[in-house]
Amino acid sequence: MRFLTNVRSILLAGGAALALAACTQGEEIASPGPSNPGTPPGGGGGGGGGGGGGGAQCPSGFTEGTGVGGFTVCNISGTLLGDLTLPFVQGVAYRLDGRVDVGEDGGPTCSGGADEATLTIEPGVIVFGASGSDYLVVNRCSRIIADGEQNAPIVFTSENDLERRAVDPNDTGGSAISEWGGVVVLGRAPINRCIAGTPGTVDCEQTIEGVTNPDALYGGATVDDDSGVLRYVQIRFAGFAINQDGDELNGLTLGGVGSGTTVEYVQVHNNSDDGIEVFGGAVNLKYIVLTGNDDDSFDLDNGWNGATQFLVIKQRDDGGDNGMELSSATGVTPATNPTIANFTLVGARSNAFRINSGHIGRFINGVVSYGGNCFRWESSAGDGDPSSYGGVDVDPTFNSVLFDCDGELTNDSPDTPAAVQSVNADPNNVIGESSLAATFFPGPNELAVTPFDLTTLPGMFFEDVDYVGAFGPDETETDNWATGWTFALFPEPGCPAGTTDTGSTIGGVKVCSVSGVQTTDLRLTRGNYYRLDGRVDIGVDVGADGAKAGGVAAELTIESGAVIFGESGDDYLVVNRGSKIFSNGTAQNPVIFTSRADLEDNQPDPLNAIGEWGGVVVLGRAPINRCIAGTPGTVDCEQTIEGVTNPDALYGGAIADDDSGAIRFTQIKYAGFAINQDGDELNGLTLGGVGSGTTVEYVQVHNNSDDGIEVFGGAVNLKYIVLTGNDDDSFDLDNGWSGFTQYLIIVQRELGGDNGMELSSATGVTPATNQTIANFTLVGGRSNAFRINSGHIGRFINGVVAYDGAPCFRWESSAGDGDPSSYGGVDVDPTFNSVLFDCAGLTNDSPDTPAAVQSVNADPNNTTTTPDSLINTFVNGPNESSVTAFDLSTLGGAAAAFFDDVDYIGAVRDANDRWWAGWTCGLEPGSDC
């Protein structure tokens, strides 16, 4: 299956969801997908004239009001003293006319003779208010059954929203807030802040904020109290201040609500106070989306002891306070002590967490990507009732949380040491950069966090997932638990700053153009195609010492799943010295560099397509041994990189651990370009003087017209590398590279390729090209498996060479000499340990066949007489498994720290070892490139 076909199938899946919703709810109702800002409060009947009514009829028993936005309006008012159902009728919306109470308050025991009621709302129903005075209160002992469906959510919204969307169904309301009241649910579960009585007992009750005339009460002693169901529900544009003291209606207020109540698949959007505020109780929440709320997104108070899993918080740019605010009465039981797992908190306002008096709590498997501070941590936080915790103060706990905050961990917090201690208490917490894609989805940094094992929490309701954040690695914008029922969560992708909208598409996907020299940071977001328009430079060369006049450092970040393409050999990417690339692919959503012809499925011979665009070049400041001028290995030694001209691009320096960023889970396909007749060509991936601070792992280069990867000096290390179908050398090592590689698959294509590896260096200089490569499988049959040229030393460990029709080596007489003075004054040849050689002869007319024979025979665990038994081209079979592997832990130093200590040869242990699967192409049936 070609790449374009895969993209089309994803997009069509979103379209199918839209069509299904239209069939279910009428022509103007649609579920949100990647190209829809949310579920429009559908129309019908009389069409979409602003403020006008429709032709539908109110169900029996309802009073018809003035039509709004093409809807027939059915009014609900007063106190419901018996059960009521709001049936779905196409073209009908139900108005909350003032405060609407479901039942009368039955007190903490439901024994006071009050009328109880149940309000049932059918899937697809729209309920709205016209002002802050219009809101819903579900009292103690009564219930709400708002049980929507994924493609027919229940929508609580405003009159203004209905009118806006009657004019423009894609109008998401911008920063609109406070257009009606909100939803309040009150229960009889324990709380810790009382009008009177003992906290946590039946006598402890409290008035809920935002509701007056009369006050509404919550609290009691029924932990599993049942207030009904809120499932697949949106609450939009609500919130109302009843006074100047901060007493406001939230989008959803849960007061003393018990664990018998279901709250899942609920979104609160653009509320003027908190999104959801939980006052005590024991209710559990799952699949919660809080977007654009104007105070705290999630406010936890008064002894809440429930749990939440799968929580998305996204603040809007021009509103919001804290991501979460956490409070309690102090020195009482129950303390506010929830457990929140699998959350993603994105914003840039006051603090990600404001932890106030008396709040304990546990936060597990989270991602915090925040433009402000992570914490404001009060000195009274966490105290609860020390007598309940062995007489000691218990602070909030964090397990497996990635904190990426632009501000400090805390900023002028009264108890910064407690915050630092809580974060440092778990080594699986990470303070570092997030790599979220499309705002919410995990990139490599999130997937690298070791998740907390939720099964170790006894009696909890959590699903056992092995990732951090609200969304898993297999979820995308078009296929995730929030798809189909949320509002304005996944907007239409646009061309990000620094790129240009070309106005064109490929297969329905928007094409954005990147060109010229990028001197500010650039982020390529998921959901578009990005064309490299000519040579694209990231930054301007800062020189070997970082002080070159006119030098500018910049960063390119590419989100997982993003696709970058070129149209010809003139289109390529250069990351200059001092700048960085972060290609943040994942196993499920790799970053793909490819050609327009590939995206358009316009290659006459895809198996042999090469040279359809330029390639990727990364330049660093690590030592090299071939200089324009200066002494090899010093700051004065720099060189021009091959394949790049007008102007030339330079690499080299003296910073061995130079950091050029990270390239992870990335495919580079169909690239390569010859700029002249002298072999000066662009490789698929060129690494020039790149330092060991750079990460290169899980990278495939496929069908390049020159080398797959060429490394010119430096000290960069590589891991999990796949080189398939490349037309010159698959892996070319040159100019003093001294890094490491582990897990390398090389497969030549039948009609192309030269050497499996070519290994060269300047002679008699330091550093020599002297890398260590372990656990490699080299499959082909072209010129030579290894061409070992002048000045190359190197060590090759635990390898499989299956090279049919060609020799293992061409071994030059100058190979291995390096700088003899650096090796005790003797010539040092390349070393091979535990390598199975199955070739058409060891050497063929090599200038130094004896040296090749001597190097192979030096280790009795090398074999030249055992045929390979590889399965499916590159997976170890019985003969490979019988070879005694070299113990990598004996290498010592930096090598031992880098290499995994495995007890097998070859890149792939057996059929169960699938590190290459999912993110590569062409290695197994069904993964065509």
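Just so you know, these numbers use all the heavy atoms, side chains as well, and skip hydrogens, waters and symmetry mates. Small disclaimer: the values here were computed from a predicted structure and weren't measured.
- With sequence neighbours excluded, no residue forms a side chain to side chain donor-acceptor pair (under 3.5 Å) with Thr741.
- Partner Leu573 forms a side-chain contact (heavy atoms from CB on, under 4.5 Å) with one of Val617, Ile564, Leu556 and no other, that one being Leu556.
- Asn445 contributes a side-chain N or O that, together with a main-chain N or O of Glu433, makes up a donor-acceptor pair within less than 3.5 Å.
- Partners of Phe874 according to the ring pair (Phe, Tyr, Trp, His ring centres under 6.0 Å) rule, which considers only residues two or more places apart in sequence or in another chain, are Trp916.
- Put simply, the side chain of Phe899 does not reach to within 4.5 Å of the side chain of Asn775, judged on heavy atoms.
- Asp754 is linked by a side chain to side chain contact (heavy atoms under 4.5 Å, CB included) to Asp728, Asp729, Ser783, counting only residues two or more places apart in sequence or in another chain.
- The CD1 atom of Ile721 sits 7.5 Å away from the CG atom of Leu744 when rounded to the nearest 0.5 Å.
- Under a 3.5 Å cut-off, the side chain of Ser790 and the backbone N or O of Thr763 do not form any donor-acceptor pair.
- Residues Asn876 and Asp910 form no side-chain contact, since every pair of their non-hydrogen atoms from C-beta on lies 4.5 Å or further apart.
- One finds the CD atom of Gln603 at 9.5 Å from the SG atom of Cys929 (value rounded to the nearest 0.5 Å).
- Checked against salt bridge (charged side-chain N to carboxylate O under 4.0 Å, His left out), Asp659 has the following partners two or more places apart in sequence or in another chain: Lys580.
- When every heavy atom of Val722 is checked against every heavy atom of Thr724, the shortest pair comes out as CG1-CG2, 3.7 Å.
- Within the model, atoms OG1 of Thr769 and NE2 of His792 stand 6.0 Å from one another, a figure rounded to the nearest 0.5 Å.
- Partners of Gln748 according to the side chain to side chain contact (heavy atoms under 4.5 Å, CB included) rule, which considers only residues two or more places apart in sequence or in another chain, are Ser730, Arg782, Tyr803.
- Taking the side chain as every heavy atom from C-beta outward, Thr666 and Ser583 approach each other to under 4.5 Å.
- Of the residues listed (Phe809, Phe886, Phe776), the one engaging Phe832 in a ring-ring contact (aromatic ring centres under 6.0 Å, His included) is Phe809, and it is the only one.
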| query | Is there a side-chain contact (heavy atoms from CB on, under 4.5 Å) between Val574 and Ile641 once you walk through the steps? | reply | CA-CA 10 Å; Val574 179; Ile641 199 69; over 6 Å; no
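- The shortest distance between side-chain heavy atoms of Ile668 and Trp613 falls below 4.5 Å.
- Here Phe673 pairs with nothing under the ring pair (Phe, Tyr, Trp, His ring centres under 6.0 Å) rule; sequence neighbours left out.
- Legend: residues meeting side chain to side chain contact (heavy atoms under 4.5 Å, CB included) with Ala851, ordered by chain and number and at least two apart, are Trp811, Asp829, Asp848.
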| Asn704 and Asn726: CA distance, side-chain angles, deciding distance, side chain to side chain donor-acceptor pair (under 3.5 Å) verdict | CA-CA 5 Å; Asn704 196 75; Asn726 296 295; 5.3 Å; no
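- Annotation: Asp804, atom CG; neighbour count of heavy atoms from other residues, nucleotides and ligands within 6.0 Å does not exceed 12.
- Judged by distance alone, the side chain of Ser738 and the main-chain N or O of Gln771 form no donor-acceptor pair under 3.5 Å.
- Heavy atoms only, all atoms of each residue included: Pro442 and Leu447 are closest at CB-CD2, 3.9 Å.
- Dense packing is recorded around CG of Asp657, with more than 12 heavy atoms of other residues, nucleotides or ligands lying under 6.0 Å away.
- Note that CG of Leu733 is 10.0 Å distant from CD1 of Ile788, once rounded to the nearest 0.5 Å.
- Nearest heavy atom pair, residue Pro860 against residue Ala858, reads CD-O, 3.9 Å.
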| request: Go through the steps to decide whether Leu718 and Val699 satisfy the test side-chain contact (heavy atoms from CB on, under 4.5 Å), and finish with yes or no. | output: CA-CA 9 Å; Leu718 295 80; Val699 173; over 6 Å; no
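- Remark: of the listed residues Thr686, Leu687, Ile624, Val618, Ile624 is the sole one forming a side-chain contact (heavy atoms from CB on, under 4.5 Å) with Tyr651.
- Taking every heavy atom of both residues into account, Asn703 and Leu607 meet most closely at ND2-O, 3.0 Å.
- Under a 3.5 Å cut-off, the side chain of Asn798 and the backbone N or O of Ala774 do not form any donor-acceptor pair.
- Qualifying side chain to side chain donor-acceptor pair (under 3.5 Å) partners for Arg810, counting only residues two or more places apart in sequence or in other chains: Glu812.
- Checked against side chain to side chain contact (heavy atoms under 4.5 Å, CB included), Thr864 has the following partners two or more places apart in sequence or in another chain: Phe837, Leu842, Val856.
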| query | Can you list the steps and then say if Leu759 with Phe796 is a side-chain contact (heavy atoms from CB on, under 4.5 Å)? | reply | CA-CA 12 Å; Leu759 321 161; Phe796 302 86; 3.5 Å; yes
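- Put simply, the side chain of Ser579 never gets that close to the backbone of Arg577: no donor and acceptor are under 3.5 Å apart.
- With sequence neighbours left out, Asn589 forms a side chain to side chain donor-acceptor pair (under 3.5 Å) with no residue at all.
- Under the 3.5 Å distance criterion, the side-chain polar atoms of Asn862 are left unmatched by any main-chain donor or acceptor of Asn857.
- Between Trp915 and Tyr698, the ring planes are perpendicular. Angles over 60° get that label, and only those under 30° would be called parallel.
- By the 4.0 Å N-to-carboxylate-O rule, Glu924 lies close enough to Arg914 to be salt-bridged with it.
- Of the possible polar contacts, one joining the Asn879 side chain to the Pro867 backbone as a donor-acceptor pair under 3.5 Å is found.
- Between Glu880 and Thr777 the shortest side-chain heavy-atom distance does not fall below 4.5 Å.
- Between Asp541 and Asn576 the shortest heavy-atom distance is N-CB, 3.9 Å.
- With sequence neighbours excluded, the residues that form a salt bridge (charged side-chain N to carboxylate O under 4.0 Å, His left out) with Arg621 are Asp658.
- Residues passing the side chain to side chain donor-acceptor pair (under 3.5 Å) test with Asn625 are Ser761, sequence neighbours excluded.
- Of the possible donor and acceptor atoms, one in the side chain of Glu446 sits under 3.5 Å from a partner among the backbone N and O of Ser435.
- Residue Lys548 comes nearest to Leu650 through the heavy atom pair NZ-CD1, 3.9 Å, listed as atom of the first residue, atom of the second, then distance.
- Judged purely by distance below 3.5 Å, without hydrogens or angles, the side chains of Asn683 and Glu642 pair a donor atom with an acceptor atom.
- Rounded to the nearest 0.5 Å, atoms OG (Ser595) and CD1 (Ile610) are 12.0 Å apart.
- Of the possible donor and acceptor atoms, one in the side chain of Asp859 sits under 3.5 Å from a partner among the backbone N and O of Asn861.
- In summary, the side chains of Thr920 and Gln667 do not present any donor paired with an acceptor at a separation below 3.5 Å, with no hydrogens or angles considered.
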| message | Could you walk me through whether Thr849 and Thr843 satisfy the side chain to side chain donor-acceptor pair (under 3.5 Å) test, starting with their C-alpha distance in whole Å, then the side-chain angles of each, then the deciding distance to 0.1 Å, before giving a yes or no? | response | CA-CA 6 Å; Thr849 294; Thr843 69; 2.9 Å; yes
